[in-house]
Amino acid sequence: MRSVVSILCGLVLLAGCGEVEVLRSARLEQATEFNQRAQRAFQRGEYQAAATLYEQALQIDVAIENVNGIAINTLNLARVNNVLGRSALAQRLLDQLLEDKALHHAPAHLAEAALQKALLRLQANDAADAALWVDRAAVYCESDCRMSGVIDNVRAGIALRANDADKALQLSERAVSANSGVPIEHANALRLMASARLMKKEAEVALRLLEEALVIDKSLGLPEKIRQDLLLSAQAYEMLGKNEQAAQYRDRAARIAATALK
Amino acid sequence: MKLPNYNQRLLSIEKRTQRFMLGAIGVMLLVLAMIAARQDYFSRSTAIYFITPNAQGLSKGMAVKFIGFKVGSVQEVSMQPNATVRVKVSLDDEYVHLIGQDAKARLVKEALVGESVVEIIPGSQQVKQVTQNSVLEFERGQDAGAVVENLAAQLQPILGDIHQITSSINNPGGDVQQTLKNLNLATGGFRETVNQFTQLGVSSNQAMGRINSSLETLDKAIPKLVDKADTTLDNVQSATADIRKITNDSAGEIPSLVRNANALVQDGQETLGGVKKSWLLNSLFTEPEEQILPVDGYVAPTQP
């Protein structure tokens, strides 16, 4: 009896070693390679190169009907096109994904598409439409939502546009704790909180928050965010009557803007 | 009361130990069998030999290739009483019929980096195939480094010549520049004559005279110019002929180098792929997947 049990245990252990390998076609591997090269190009700030590579990855994913890849690369392509200033194209890509009736996309991807759409509407100063899209994102994201922190940030941004400092403060405070493990969103939340404080004329508190955000943005190497931190700091110093320091911060921001790097 | 029980337990332990030992021996035999299979102990092979003045670059276990396929390995490298080296090669029987008695063994390096191999250069098809203890002729092939070095050494003086020729072409006091200047002056004089002829309306005789004189100057100048241009072109031609010769000489070696380097890289990739998929290591290498860019939930205000 004992030997039978030993043999069975051995077989169970061996079964653990004999994992069935998932078959990956050469085309899928090629799409993955394009996607990874695009990610690296995006991180280096080579947005045009990233866009071309995402397009190539998307083309392959469409050809082999890799639904997951189609959603991922469409979202990435929308994001990079927005960075390149082609917001109309970005909107079209997101609409394609959100209105796709032929393929069934994962709710997480649809949530992200809706969130990107909200950000584009907010960028176009259409806060009402942005609010609708962020609500839609929250609905898609209902179960296992990993984007609640980002959603809070977008909602805080919408509240700031509506000059609702208290609501913006409340949402950004929630976003700060929700995004503690995501540096980029953590810094975004701090910046939004600082903007809300500035709106409430609390310049000193805002400055402290902006300093914290600046450290994170510098560590991430994000020129546009660094510039925003400096401009908001300048605003805070002006509010405190320290015009010389405000001018210094504006000068620092202008130097970053002159590089035209995003 | 307790002693028989104790003996029974001892017997049981002995039996289990026996079973364990038998199992271990079984596993050992299996491993040995696998190693033996890997070392081609079970495959039928034919031993052939070649003699070489020295053993440099030759070692036991070295692969023997025929038209790019591994057909055997070096079994033994031994020194002979007459201070030569005898190399014993074991060839897989399934390939022996392809190798004639007049085939040659050549020591080659497959790429700029990597192991050397013994390559069997096929002989003529009509000649009888090699048999047990046949002796092949041996030669040493140029390795990749030597080929590149030779190529560089031969190209260097030619590049020097080309440099000299281009410098001479660019030199304002050089033959070519002077030739062009003279040609320019001659055509200028001719143009001037034609202008004068058309604009000032000089008598046709005078003009024709001047045209004749210009043409005479040109007639004298042109052969000299052509001669100088011919010499320059001859130099260039001779340099390009040299380059072509060297390229032709190396043409046989370079594609094989490139092909071999390519095969080496491919082998490396396959090996790495195999290692990545082996059950011991596959958990360390996760399959790459398409990644999504994180959403950036911040929109800069229009006027901060």
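For A:Gln59, the CD atom is loosely surrounded, since the number of other residues' heavy atoms within 6.0 Å does not exceed 12. Environment of CZ in A:Arg27: sparse, with no more than 12 heavy atoms of neighbouring residues, nucleotides or ligands closer than 6.0 Å.
When all heavy atoms are compared, the tightest approach of B:Val295 to A:Met147 is CG2-SD, 4.1 Å.
Using a 4.5 Å heavy-atom cutoff, the side chains of B:Val299 and A:Arg161 are in contact. With a 4.5 Å cut-off on side-chain heavy atoms, B:Glu290 and A:Asp61 count as touching. Side-chain contact between B:Leu293 and A:Tyr54 is present, with heavy atoms from C-beta onward closer than 4.5 Å.
B:Asp296 places no side-chain N or O within donor-acceptor distance of the main-chain N or O of A:Val150, the cut-off being under 3.5 Å. A:Arg79 contributes a side-chain N or O that, together with a main-chain N or O of B:Pro294, makes up a donor-acceptor pair within less than 3.5 Å.
With a threshold of 4.5 angstrom between heavy atoms, A:Asn179 does not approach chain B through any atom at all. The contact between A:Leu75 and chain B is made entirely by side chain atoms (from C-beta outward), counting heavy-atom distances below 4.5 Å. With a threshold of 4.5 angstrom between heavy atoms, A:Asp152 does not approach chain B through any atom at all. Only the side chain of A:Leu28 comes within less than 4.5 Å of a heavy atom in chain B; its backbone stays farther off. Using a 4.5 Å cut-off between heavy atoms, A:Ala31 touches chain B through backbone and side chain atoms alike.
Under the side-chain hydrogen bond (donor to acceptor under 3.5 Å, both in side chains) criterion, A:Glu185 pairs with A:Asn153, A:Asn188, not counting sequence neighbours. For B:Tyr95, the ring-ring contact (aromatic ring centres under 6.0 Å, His included) criterion is met by no residue, not counting sequence neighbours.
The side chain to side chain contact (heavy atoms under 4.5 Å, CB included) with B:Tyr298 is formed by just one residue from the set A:Leu119, A:Val154, A:Leu192; it is A:Leu192.
Top candidate by heavy-atom pairs under 4.5 Å with chain B, chosen from A:Glu29, A:Lys225, A:Gln39, is A:Gln39. Comparing A:Gln36, A:His109, A:Gln116, A:Arg191 by how many heavy-atom pairs each has under 4.5 Å with chain B, the most go to A:Arg191.
Note: A:Ile72 CD1 to B:Ile292 CD1 = 5.5 Å, rounded to the nearest 0.5 Å.
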